[in-house]
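Heads up, the thing below is written out as structure tokens.
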2 protein chains.
Amino acid sequence: MKKQTLVLATHDDQLARRWHALGEGWTLVRANRFDALPAGATLALIDAALPDLPAFTHPAWAKLSPTLRMVFASSQPNDPEGLAAINAGCSGYCHAFASAEHLSQVLNVVAAGELWVGRSILARLLRAVESRTAPPAAPAWAGPLTEREREVAQRAALGEANADIAAALAITERTVKSHLTSVFEKLGVNDRLQLALRVHGIK
Amino acid sequence: MKKQTLVLATHDDQLARRWHALGEGWTLVRANRFDALPAGATLALIDAALPDLPAFTHPAWAKLSPTLRMVFASSQPNDPEGLAAINAGCSGYCHAFASAEHLSQVLNVVAAGELWVGRSILARLLRAVESRTAPPAAPAWAGPLTEREREVAQRAALGEANADIAAALAITERTVKSHLTSVFEKLGVNDRLQLALRVHGIK
DNA sequence: CGGCGCATCGTACTCAAGGACAGTATCCGG
DNA sequence: CCGGATACTGTCCTTGAGTACGATGCGCCG
């Protein structure tokens, strides 16, 4: 297997020496600045402390990400920064002073085209989706509601007028209002807008 | 480095032979059933097609996960199953017939205490949080709105009454209505509920 | 059987929302 | 200097939403 070129992008000589320790398996190239990333490179380990590092929202990241697989290394990793890095197009996020074994593993994974994020971030991601993949199975808001009330609430929460709901369910507008009154009371809200926010998980 | 024991849990002999190919680096042990997982094992590759596999919600998973690092291997991987597996306590999720190199990588990562999920699931996770962390950064809905209109729209979308918004912004309720009228017109909606759905990314 | 929950429908009332029509003041760029 | 955008305010009016105070019919369970 031919050695792949790995760009070590850091301004910190000490860190650079440390990173050079993971020498086997890679053709190492040093870059002192973000601007100095070699054009043809395909894999880079990027120090969060680089002086000229652009903000994650800067288009430079989007420009690089399609061709360059970037691992963002922070000396003080934290979840928000990690998420931002991944969102910016980085393929990995880890501790800058991690062990050579760990860094190698991260780089191997990323070089293989996968993404790497740590336990902590993954756990946070899972928690985030959990709360939005679970609802469809068990609509938490519909706890004490009856079947009919749920139908009406669902439609009201999507912005349908009472008259439309009545027509759709083949009942009177009066009945729709009746159901909604029950729904409001049971869910402890005052109007259909509050209901909508509740149903859709806002507030 | 002492070889770690890896349990290959599958009922499928063909798959078992295939998995035995990743022999180096592990002490391989075969298990034919979920019930037959060795008590002291610390790492297991589990076939999704196991006949006696309990549902992910079954307590058996929670009982195993603290001591046993499980990689769930499906012959037809899909995101929902992957998410369920991770939520059930598995440390990894991958394709059952993936290459030996790929499986080794997954197992190494998991053995190191990290979690492994594929690009696809990770991307889905990112999208899920993106939509709840990004909005503050780039409110797409506020395209043609003026600064003041945005403030009013934001509050209205959270269910505040016109009078409350007026009080909060130290203006007249009439002015709030005026701004909202502009907002409705610009966003092509009819009332504050539609506005709320738009602002919060529903519809 | 009698109570209870659920779904349905009626009339009447109050009120916030939103639109119609209009006016004043500021600031900025051609 | 004037047109245009923005912010702010006013009055009048219509309408939908929500509530109050009812009523009827049905199925279920003790």
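Basis for what follows: all heavy atoms, side chains included, without hydrogens, waters or symmetry-related copies. Fair warning: this is a prediction, and the values are worked out from it, not measured in the lab.
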> Any side-chain N or O of A:Thr181 less than 4.0 Å from the OP1 or OP2 oxygen of D:dT19?
Replying inline: yes

> Can the ring centroids of A:Trp116 and A:His102 be said to lie less than 6.0 angstrom from one another?
Replying inline: yes

>> Looking at D:dT9, I'd like to know if its phosphate oxygens (OP1 or OP2) sit under 4.0 Å from a side-chain N or O belonging to B:Ser178.
In response: no

> Atom CZ of A:Arg150 to atom P of C:dC6: distance rounded to whole Å?
Replying inline: 14 Å

> For A:Arg174 and D:dG25, what is the distance between atoms CZ and P respectively, to the nearest whole Å?
Replying inline: 17 Å

> A:Leu193 has an atom CG; how far is it from atom P of D:dA17, in whole Å?
Replying inline: 12 Å

>> Can you measure A:Asn190 atom CG to C:dC15 atom C1' for me and round it to whole angstrom units?
In response: 14 Å

> To the nearest Å, how far apart are A:Asp164 CG and D:dA17 C1'?
Replying inline: 14 Å

> What nucleotide among C:dA7, C:dA17, D:dC8 has an atom nearest to a side-chain atom of A:Thr146?
Replying inline: C:dA7

>> Go through it in stages, so that I can follow the logic: the residues are A:Asp13 and A:Arg30, the test is salt bridge (Lys or Arg N to Asp or Glu O under 4.0 Å), and I'd like the CA-CA distance, side-chain angles, deciding distance and then a yes or no.
In response: CA-CA 10 Å; A:Asp13 289 335; A:Arg30 170 79 183 275; 3.0 Å; yes

>> Is the phosphate of C:dT8 approached by A:Arg148 (side-chain N or O, under 4.0 Å from OP1 or OP2)?
In response: yes

> Do any side-chain nitrogens or oxygens of B:Thr175 fall under 4.0 Å of OP1 or OP2 in D:dT9?
Replying inline: yes

> Please give, in whole Å, the distance from D:dC8 P to B:Ile165 CD1?
Replying inline: 13 Å

> Contact class for B:Ala163 (heavy atom, under 4.0 Å): base, sugar-phosphate, or nothing?
Replying inline: nothing

> So, B:Gln4 versus B:Thr42: side-chain donor-acceptor pair below 3.5 Å or not?
Replying inline: yes

> Can we call the ring centroids of A:Trp61 and A:Phe56 under 6.0 Å apart?
Replying inline: yes

> Is the distance from OP1 or OP2 of D:dA17 to the nearest side-chain N or O of A:Asn162 less than 4.0 Å?
Replying inline: yes

> Closer than 4.0 Å, any side-chain N/O of A:Ser182 to the OP1 or OP2 of C:dC6?
Replying inline: no

>> Less than 3.5 Å apart, any donor N or O on the side chain of B:Asn162 or B:Arg174 sitting next to an acceptor on the other?
In response: no

> Which one, C:dG18, C:dA17, D:dG10, comes nearest to the side chain of B:Leu180?
Replying inline: C:dG18

> To the nearest Å, how far apart are A:Glu185 CD and C:dG5 C1'?
Replying inline: 14 Å

> Atom NZ of B:Lys186 to atom P of C:dG19: distance rounded to whole Å?
Replying inline: 15 Å

>> Judged by each residue's nearest nucleotide on DNA chain C, which is more toward the 5′ side, A:Glu173 or B:Phe184?
In response: A:Glu173

